[in-house]
Protein chains: 2
Amino acid sequence: MTTISAEPRTCSVARTLEVVGEKWALLALREVFLGNRRFDEMVRKTGAPRDTMTARLKTLVATGILERRPVSEHPPRFEYRLTKAGLDLYPVIVSLMQWGDRYLANGDAPPMVLTHSCGHALGAVTTCSSCGEPLLARDVRPTPRRENDDDIST
Amino acid sequence: MTTISAEPRTCSVARTLEVVGEKWALLALREVFLGNRRFDEMVRKTGAPRDTMTARLKTLVATGILERRPVSEHPPRFEYRLTKAGLDLYPVIVSLMQWGDRYLANGDAPPMVLTHSCGHALGAVTTCSSCGEPLLARDVRPTPRRENDDDIST
DNA sequence: AGCAGTAAGTCCGATAACTGGACGTACTGG
DNA sequence: CCAGTACGTCCAGTTATCGGACTTACTGCT
């Protein structure tokens, strides 16, 4: 009875990284979140090679994170807009930024400050949706599975 | 008066991605968060080439995200443990997982469920630390700077 | 003692991806 | 007509990644 090699774990982290797990993809998204939806702008503000940006945008569109829509017919111009799925990647971007502000700042002020609509500078906290407490790694465990951990029963 | 090219924006997202902005680095971290701290285990569970894993772990250690500590002298064995900085990357991993669960599940159940110490299955919500509201991209704006946006005054 | 096995890497050659820069096309505005 | 912008594509050179074999240092079994 052959067991399918359970080894490389397929989890949602891995799946997500197949799509956005690369510097330029995430930086392109950062720009879109900042309101810059045009190809050249993304290239300039991120520093990505145009080729690479083309490729990343293509997969972001293919996965339904961005939508490429014409914004002018006659000089053919396009805009990349966030879909619902794209908007939901905001926590990823914000947590990356938050971490960088804390640990890569070299004592300088953060290079960019965001303001929340409540009027304060943004600090993001990831919380448990059930109890509302800030999320700490030590408070979280994989839920034990009914079946063998390495094998899925028929 | 030469202005430093303001073009490729240096923000904390970019800085953070220089360190963890790659699939295998994040997947290695996922494993450490799940309690697998050994080289071979990370290789097996992530599917990364051993070479690449070596390289990633090296930079994670160099940046102070992981600590490589001997766990046995005589068969020389090592363990990679999260530092404080490493633990603070938890929100990044969790948001990636969360997003994958929502958008890459194909209607299947999430491949892994986490349980929070409050007793419920983990759903993570990123909130504003000032007002506590769930964070939506549309409620956040870059804080206007005093000086020109592209130039830093002397 | 001899053999199998594990842990933690290193080394290798083939392939794939990334890179910067030049180029193409389709326009607008002066 | 010329300069400029937007949105790419094409190229050739460099770098990174990949899977697999190999090394070193042990332990445990027979």
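In what follows, every heavy atom counts, from backbone to side chain, and hydrogens, waters and symmetry copies are set aside. Note on naming: letters A, B, ... go to the chains in the order of the sequence lines (proteins, then strands), and numbering restarts at 1 for each one. Model, not experiment: these values are computed from the prediction.
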For a quick test of reading the model: is some side-chain N or O of [X] closer than 4.0 Å to OP1 or OP2 of [N]?
X: Arg50(B); N: dT23(D); value: no
X: Tyr80(B); N: dA7(C); value: no
X: Arg56(B); N: dG9(C); value: no

Test side chain to side chain contact (heavy atoms under 4.5 Å, CB included) on Leu87(A) and Leu136(B) and set out the steps. CA-CA 8 Å; Leu87(A) 284 164; Leu136(B) 300 173; over 6 Å; no

Spacing of [X] atom [atom1] relative to [N] atom [atom2], expressed in whole Å:
X: Met53(A); N: dT9(D); atom1: CE; atom2: P; value: 13 Å
X: Arg68(A); N: dA6(D); atom1: CZ; atom2: C1'; value: 12 Å
X: Arg44(A); N: dC7(D); atom1: CZ; atom2: C1'; value: 12 Å
X: Glu79(A); N: dA6(D); atom1: CD; atom2: C1'; value: 13 Å
X: Arg69(A); N: dC7(D); atom1: CZ; atom2: P; value: 15 Å
X: Arg77(A); N: dA6(D); atom1: CZ; atom2: C1'; value: 4 Å

Polar side-chain contact Asp51(A)-dC18(C) base: donor and acceptor under 3.5 Å: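 Counting by modelled atom types and ignoring angles, no donor-acceptor contact under 3.5 Å is found here.
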
Give the C-alpha distance, both sets of side-chain angles, the deciding distance and a yes or no for salt bridge (charged side-chain N to carboxylate O under 4.0 Å, His left out) between Lys23(A) and Glu18(B). CA-CA 8 Å; Lys23(A) 200 168 49 156; Glu18(B) 288 303 320; 3.3 Å; yes

Nearest-nucleotide 5' precedence on DNA chain C, Lys58(B) against Pro76(A):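 Upstream on the strand: Lys58(B).
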
With heavy atoms under 4.0 Å as the rule, sort Thr52(A) into base, sugar-phosphate or nothing.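 Since a base atom lies under 4.0 Å of Thr52(A), the category is base.
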
Hydrophobic clustering (ILVMFWY, side-chain heavy atoms < 4.5 Å, transitive) - are Val92(A) and Met112(B) grouped together?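 Same cluster.
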
Do the ring centers of Phe33(B) and Tyr90(B) come within less than 6.0 Å of each other?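 Here the rings of Tyr90(B) and Phe33(B) have centres that are less than 6.0 Å from each other.
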
Mind running a 4.0 Å heavy-atom check of residues 22-43 of chain B against DNA chain C and sending the residues that fall below it, in number order?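 Under 4.0 Å from DNA chain C: Arg38(B), Phe39(B), Asp40(B).
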
So, the side chain of Thr83(B) versus the backbone of Ile65(B): is there a donor-acceptor pair under 3.5 Å, distance only?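 Side chain of Thr83(B) to backbone of Ile65(B), a donor-acceptor pair under 3.5 Å: yes, one is there.
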
Give a yes or no answer on whether the side chain of Gln98(A) reaches the backbone of Ala124(A) with a donor-acceptor pair at less than 3.5 Å.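 A pair under 3.5 Å: yes.
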
